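Beneath this line is the structure, given in C-alpha cells, with notes to follow.
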Amino acid sequence: MKIVTGDAPEALHLYRHSTAHLLAAAVTQLFPGTQCGIGPATDEGFFYDFVVERPFVPEDLERIEAKMREIAQGDFVYERQMWPRDEALAFFAQRGEPLKVQLIEEKTAGQDTVSVYTIKDRDLFVDFCVGPHVPSSGKLKAFKLLTTSNAYWKGDAQGQPMQRVSGTAFLSDKELQAHLTRLEEAKKRDHRKVGKDLGLFTFHPWAPGATFWLDKGTTLYNILANYMREVLFPAGYVEVKTPLVFNKALWETSGHWEHYRQNMFLIEAEGEQMGMKAMNCPGHMLVFGSGVRSYRDLPLRLHEQTPLHRNEASGVLTGLTRVRQFSQDDAHCFVTEDQIADEVEQLLKLVQRVYRDFGLEYAAKLSTRPAQFLGEVATWDHAEASLRQALERAGQAYTVNEGDGAFYGPKIDFDVTDAIGRKWQCATIQLDYQLPQRFDLHYIGADNAQHRPVVIHRAIFGSFERFIALLIENSAGAFPLWLAPVQARVLPIADRHVDYAQQVEARLAAAGLRVELDARQEKVNYKIREAQLGKIPYMLVVGDREAAEGQVAVRSRAGGDLGATPVDACIQRLLDEVATKGLVPVTQ
RNA sequence: GCUGGCGUAGCUCAGUCGGUAGAGCAGCUGAUUUGUAAUCAGCCGGUCGGGGGUUCGAAUCCCUUCGCCAGCUCCA
C-alpha cells in the first residue's frame with residue numbers, strides 16, 4: 001500500500017477517479033436499477049456512464065450533485081477488497097450489472113481474485129476497480145457536475161446507448177473555482193462569438209456547415225492564403241487549381257468511392273454520377289500523370305487552396321472547426337523513397353516556422369502501422385524510420401500513437417488546443433504508397449527505367465477555417481497587426497478635423513495599411529470605446545493640435561495613449577510592426 | 001447520425017396560470033462639435049425558426065421539421 005499525498009502528481013487523478021465513484025454511488029442510490037459502465041478520471045475532470053430508464057435532464061444533475069455532497073459529508077470509507085473471481089461475478093450478476101460482469105470477464109481472465117472498491121463496505125457502492133482511491137468520501141469536497149450527454153458502451157455507435165454524467169474536481173475549492181472561471185472566460189473567446197462580434201463570418205440555416213466570410217473575415221483569410229504562398233513558393237512548391245466536381249471514375253480509382261462515398265456530396269449530370277471533391281489528392285494524381293516526369297523533377301510539390309466539401313453528419317458541425325465546406329493549405333509532394341526523410345524534415349521546419357509566426361502552441365504525434373494496412377512491412381518500417389529520423393533532425397518533440405496510422409502509410413499530426421481545451425488536428429504529414437499505385441504513376445529514373453513515386457499528403461494550417469478558429473480563440477480576436485483586418489482607425493475629434501483625417505487615412509492606405517475613418521459626430525471617448533471593442537490595434541486621434549502639426553495622436557489597443565507623432569513616423573512604425581509580425585505575446 | 005438542451009427585433013435578453021409582444025444596445029432623424037472606453041431626445045424595427053394540431057384565444061400546451069449548443073460516434 002502506498003500513501004498518495006496531495007502534492008503528488010497522481011493525486012488529482014486519484015481524487016477525480018474517487019469523485020467518479022461518488023457520482024456512481026449517488027446515481028445508483030437515486031435511480032435504483034441503474035447499470036454502471038465505466039467512470040474514469042480525465043484531463044479536465046471525470047465522468048461515469050450509466051444505463052438508465054430515461055435520459056438525464058439538467059434538473060437531475062442538481063439532485064445527483066446534492067446526493068453526492070450528502071454521501072461525501074457522511075465520510076464513508078473507500079475500501080479495496082480482493083474478492084474471489086466467482087464471487088465477484090455472481091455479485092454483479094445478481095445486482096443486475098451485466099456490463100460489470102462483462103468487464104470482469106474480459107479483464108481478469110485466468111485470475112483467482114479480482115479487486116473491487118467499496119464505499120461504506122457494500123452499503124453504498126461497489127465497483128470493479130483497482131484504484132487507488134481516497135480513504136473516505138469526506139475527502140471529496142471540491143467537485144461540480146457539468147453536463148449530461150449520450151455515450152455508447154465501449155464507444156460503439158451501434159452498441160448500448162448510455163448516459164454520461166461529466167464533472168470536474170480539484171484538490172481545493174480555490175482551484176475548482178479558478179477552473180470554472182477559466183471556462184467562463186473561455187466562452188468569451190469562443191470563435192463563434194468573436195467572429196460574430198467582429199464581423200468576420202456568419203452562417204445561414206440554408207447552408208449548414210458552410211461559412212459566409214464577411215469582408216473582414218475575407219481579409220484575414222486572404223492574408224493567410226498569401227502568407228502561405230510566400231512560405232511555400234521559396235520552398236519549391238507550385239500552385240495548381242483542379243476541378244471541384246469529378247466523375248465517379250476518379251473516386252473509384254482512388255478508392256474513395258468505396259470507402260468515403262457516404263461523406264461525399266454526389267451530383268448526377270446527364271446520367272453520369274459525379275462527386276464533389278472531399279480532398280485534393282486524386283486530382284493531384286491526375287496532374288502528376290498529365291506529363292512525363294523525370295527523377296530530376298522530384299520532389300514535385302503541388303499546392304492547392306480550392307474548396308473541399310465533405311458531407312459531415314449534422315451533429316458534428318461546430319462553428320469553423322468542423323464544417324462541410326472548407327479549404328486546406330493542401331499540397332502533395334511526389335518524392336523518391338530516398339527523399340522522404342529530407343522532405344519530411346523540411347516540412348517539419350516549415351510547420352515550426354509557421355506556428356511560431358502565428359504564436360500557436362502545438363503537439364506533434366507520430367502514428368505508426370495499423371493492424372489493417374496495405375503494402376509490405378519492410379516498406380512501412382523504412383517509412384516510419386524516415387519519419388523518426390526527420391523528427392529527430394528537426395528537433396521536434398513528439399509522442400507516438402502506435403497503430404494509429406492510415407492504412408496507406410504512417411503520419412505525423414499536429415494538434416492545437418482551443419479555448420476550452422479541446423484539441424483539433426491542424427497540420428498533418430502523411431506518407432502514401434498506395435495512391436501513386438492506384439493511378440499507376442511513375443517517373444523516369446537515372447537508370448532510364450520507370451519508378452513509382454511516393455506521395456506525401458501535407459497541410460500546415462490544416463484547413464483555413466479551423467486554423468482561423470484557433471487563431472481567434474488563442475488571441476481573443478485581438479490579432480497582431482499583420483493579421484488585423486483593420487489595422488488602424490482615424491478618429492477626428494470634431495467635424496472641422498475630418499478633412500485632415502481623410503488626408504491621414506489616404507496616406508496610411510497609400511502605404512499599404514488597412515485603415516478606416518470614423519467621421520461620425522460622436523465624442524472621441526465613444527469612438528475609442530468602439531474601436532477598442534472592435535480590437536483595432538491602433539487608433540489615430542486627430543484634433544486641432546495634430547492638424548496644425550501634421551501629426552496623429554497614437555493610441556494602441558494594448559498600450560493606451562502613446563502621444564502625438566508625425567504621420568510618416570506613425571506609418572513607419574506600423575509598417576515595421578507588420579514586417580516583424582509583432583512577434584511579441586499577443587495581449588488584449 | 002445518436003441523447004439531451006435551446007430557438008422572441010441586427011445583437012444581448014425579459015415575457016407569470018394560455019388572454020392584444022417588451023427593454024437595453026445597434027440603426028434612422030434631430031440637437032450637440034466633443035481630446036483617449038458609452039452626449040441627449042424622438043423614431044423605426046418582430047408572421048415569437050418553419051409547418052400542423054388542441055383551444056373562444058397559443059411566444060406559452062401537443063406533434064412534426066429545420067437550425068444552433070454540449071457530449072458520443074466519426075474527422076482537417
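Letters go in sequence order (proteins before strands), and every chain restarts at 1. The structure displayed is predicted, hence computed values, not measured ones. Hydrogens, waters and symmetry mates are skipped; everything else that's a heavy atom, side chains included, is used.
- Across all strands shown, Arg458(A) has no heavy atoms under 4.0 Å from either base or sugar-phosphate atoms.
- Nucleotides rU60(B) and rU20(B) are separated by 14 Å at their P atoms, to the nearest Å.
- For rG24(B), the paired nucleotide is rC11(B), the pair qualifying as Watson-Crick or G-U wobble because both relevant distances are below 3.5 Å.
- Between the NZ atom of Lys196(A) and the P atom of rA26(B) there is a distance of 18 Å, given to the nearest Å.
- Between rC44(B) and rG49(B), the distance separating the two C1' atoms is 23 Å to the nearest Å.
- A close approach under 4.0 Å does occur between a side-chain nitrogen or oxygen of Arg496(A) and OP1 or OP2 of rU34(B).
- A gap of 14 Å separates the C1' atoms of rG15(B) and rG19(B), to the nearest Å.
- In this model, no donor atom of one side chain and acceptor atom of the other lie less than 3.5 Å apart for Arg16(A) and His13(A).
- The partner of rC75(B) is absent, by the rule that a Watson-Crick or G-U pair needs both atom distances under 3.5 Å.
- Looking at heavy-atom distances under 4.0 Å, Pro161(A) makes no contact with the nucleic acid at all.
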Listed pairs under 3.5 Å, donor-acceptor, residues 41-50 of chain A side chains, sequence neighbours left out:
unit_1	atom_1	unit_2	atom_2	d
Thr42(A)	OG1	Glu44(A)	N	3.3
Thr42(A)	OG1	Gly45(A)	N	2.9
Thr42(A)	OG1	Gly45(A)	O	3.3
Tyr48(A)	OH	Lys100(A)	NZ	3.0
Tyr48(A)	OH	Asp127(A)	OD1	3.4
Tyr48(A)	OH	Asp127(A)	OD2	2.5
Asp49(A)	OD1	Arg164(A)	NE	2.7
Asp49(A)	OD2	Arg164(A)	NH2	3.0

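- To the nearest angstrom, C1' of rU3(B) lies 18 Å from CH2 of Trp153(A).
- A distance of about 47 Å separates the C1' atoms of rC62(B) and rA41(B), rounded to the whole Å.
- For the P atoms, the distance linking rG4(B) with rU65(B) amounts to 14 Å, nearest Å.
- Atom C1' of rG27(B) sits at a distance of 11 Å from the matching atom of rA9(B), rounded to the whole Å.
- Contact check on Arg520(A) versus Glu530(A) returns a salt bridge, with a Lys/Arg side-chain nitrogen under 4.0 Å from an Asp/Glu carboxylate oxygen.
- Scanning residues 40-47 of chain A for heavy-atom distances under 4.0 Å to RNA chain B yields an empty list.
- Heavy-atom nearest nucleotides on RNA chain B were determined for Asp197(A) and for Ala494(A), and the one closer to the 5' end corresponds to Asp197(A).
- Aromatic ring pairs are classed by plane angle as parallel below 30°, tilted from 30° to 60° and perpendicular above 60°; the pair Phe246(A) and Trp251(A) is perpendicular.
- Here rG49(B) presents its P atom at 15 Å from NE2 of His204(A), a figure rounded to the nearest Å.
- Pairing partner, rA58(B): none, since no Watson-Crick or wobble contact has both distances short of 3.5 Å.
- If you take OH of Tyr500(A) and P of rG35(B), they are 18 Å apart, rounded to a whole angstrom.
- In this model, no donor atom of one side chain and acceptor atom of the other lie less than 3.5 Å apart for His256(A) and Glu258(A).
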Tell me, for nucleotides 70-76 of chain B in 5' to 3' order, what letter each nucleotide earns: B for a base near a protein heavy atom under 4.0 Å, S for only sugar-phosphate near one, - for neither? SBBBBBB
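- Applying the Watson-Crick and G-U wobble criteria (two distances, each under 3.5 Å), rA41(B) pairs with rU29(B).
- Lys277(A) and Thr242(A) are linked by a side-chain donor-acceptor pair at a separation below 3.5 angstrom, with hydrogens and angles left out of the test.
- The partner of rG4(B) is rC69(B), by the rule that a Watson-Crick or G-U pair needs both atom distances under 3.5 Å.
- Counting any heavy atom pair closer than 4.0 Å across all strands shown, Val524(A) reaches sugar-phosphate atoms only and no base atom.
- Nucleotide rC17(B) forms no Watson-Crick or G-U wobble pair with any nucleotide shown, as no partner meets the under 3.5 Å limit on both distances.
- For the C1' atom pair drawn from rU29(B) and rU55(B), the interatomic distance equals 44 Å after rounding to whole Å.
- In terms of the salt bridge (Lys or Arg N to Asp or Glu O under 4.0 Å) criterion, residue partners of Arg229(A) (sequence neighbours excluded) are, by chain and number, Glu239(A).
- With the nearest nucleotide of RNA chain B identified for both Asp561(A) and Asp495(A), Asp495(A) has the one nearer the 5' end.
- If you run side chain to side chain contact (heavy atoms under 4.5 Å, CB included) between Tyr237(A) and each of Val231(A), Leu232(A), Leu302(A), only Leu232(A) comes through.
- Screening Trp424(A), Tyr362(A), Tyr355(A) against Phe467(A) for a ring pair (Phe, Tyr, Trp, His ring centres under 6.0 Å) leaves a single residue, Tyr355(A).
- The pair Asp197(A)-Lys188(A) does not meet the salt-bridge criterion, since no charged nitrogen lies less than 4.0 angstrom from a carboxylate oxygen.
- Using a 4.0 Å heavy-atom criterion, one finds that Gly319(A) contacts the sugar-phosphate atoms exclusively.
- The pair Lys154(A)-Glu106(A) counts as a salt bridge, with a side-chain nitrogen and a carboxylate oxygen less than 4.0 angstrom apart.
- Protein atom CZ of Phe203(A) is 15 Å distant from nucleotide atom P of rC11(B), rounded to whole Å.
- Taking a cutoff of 4.0 Å between a charged side-chain nitrogen and a carboxylate oxygen, Glu473(A) and Arg192(A) do not qualify as a salt bridge.
- Using a cutoff of 4.0 Å between basic side-chain nitrogens and carboxylate oxygens, Glu185(A) and Arg182(A) are not scored as salt-bridged.
- Taking a cutoff of 4.0 Å between a charged side-chain nitrogen and a carboxylate oxygen, Lys527(A) and Glu522(A) do not qualify as a salt bridge.
- Annotation: proximity of residues 212-223 of chain A to RNA chain B (heavy atom, distance under 4.0 Å) is found for no residue.
- Asp544(A) comes within 4.0 angstrom of a nucleotide base, judged by non-hydrogen atoms across all strands.
- Rounded to an integer number of Å, the gap from CG of Asp49(A) to P of rG4(B) is 16 Å.
- rG24(B) and rC43(B) have their P atoms separated by 11 Å, given to the nearest Å.
- A straight line from NZ of Lys193(A) to P of rG10(B) spans 18 Å, rounded to a whole angstrom.
- For the residue pair Asp544(A) and His497(A), a side-chain donor N or O sits within less than 3.5 Å of a side-chain acceptor on the partner.
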Quick test: give all pairs of protein nitrogen or oxygen and nucleotides 38-44 of chain B nitrogen or oxygen below 3.5 Å, distance rounded to 0.1 Å.
unit_1	atom_1	unit_2	atom_2	d
rA38(B)	N9	Arg529(A)	NE	3.4
rA38(B)	N7	Arg529(A)	NE	3.1
rA38(B)	N7	Arg529(A)	NH1	3.1
rA38(B)	N7	Arg529(A)	NH2	3.2
rA38(B)	N6	Arg529(A)	NH2	2.4
rA38(B)	N1	Arg529(A)	NH2	3.4

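- Side-chain atoms of Gln305(A) and Gln328(A) include no donor-acceptor pair closer than 3.5 Å.
- Closest to the side chain of Ile528(A), from the set rG35(B), rU36(B), rU33(B), is rU36(B).
- Between the side chains of Asp330(A) and Asn280(A), at least one donor N or O lies within less than 3.5 Å of an accepting N or O.
- Across all strands shown, rU47(B) forms no Watson-Crick or G-U wobble pair with both distances under 3.5 Å.
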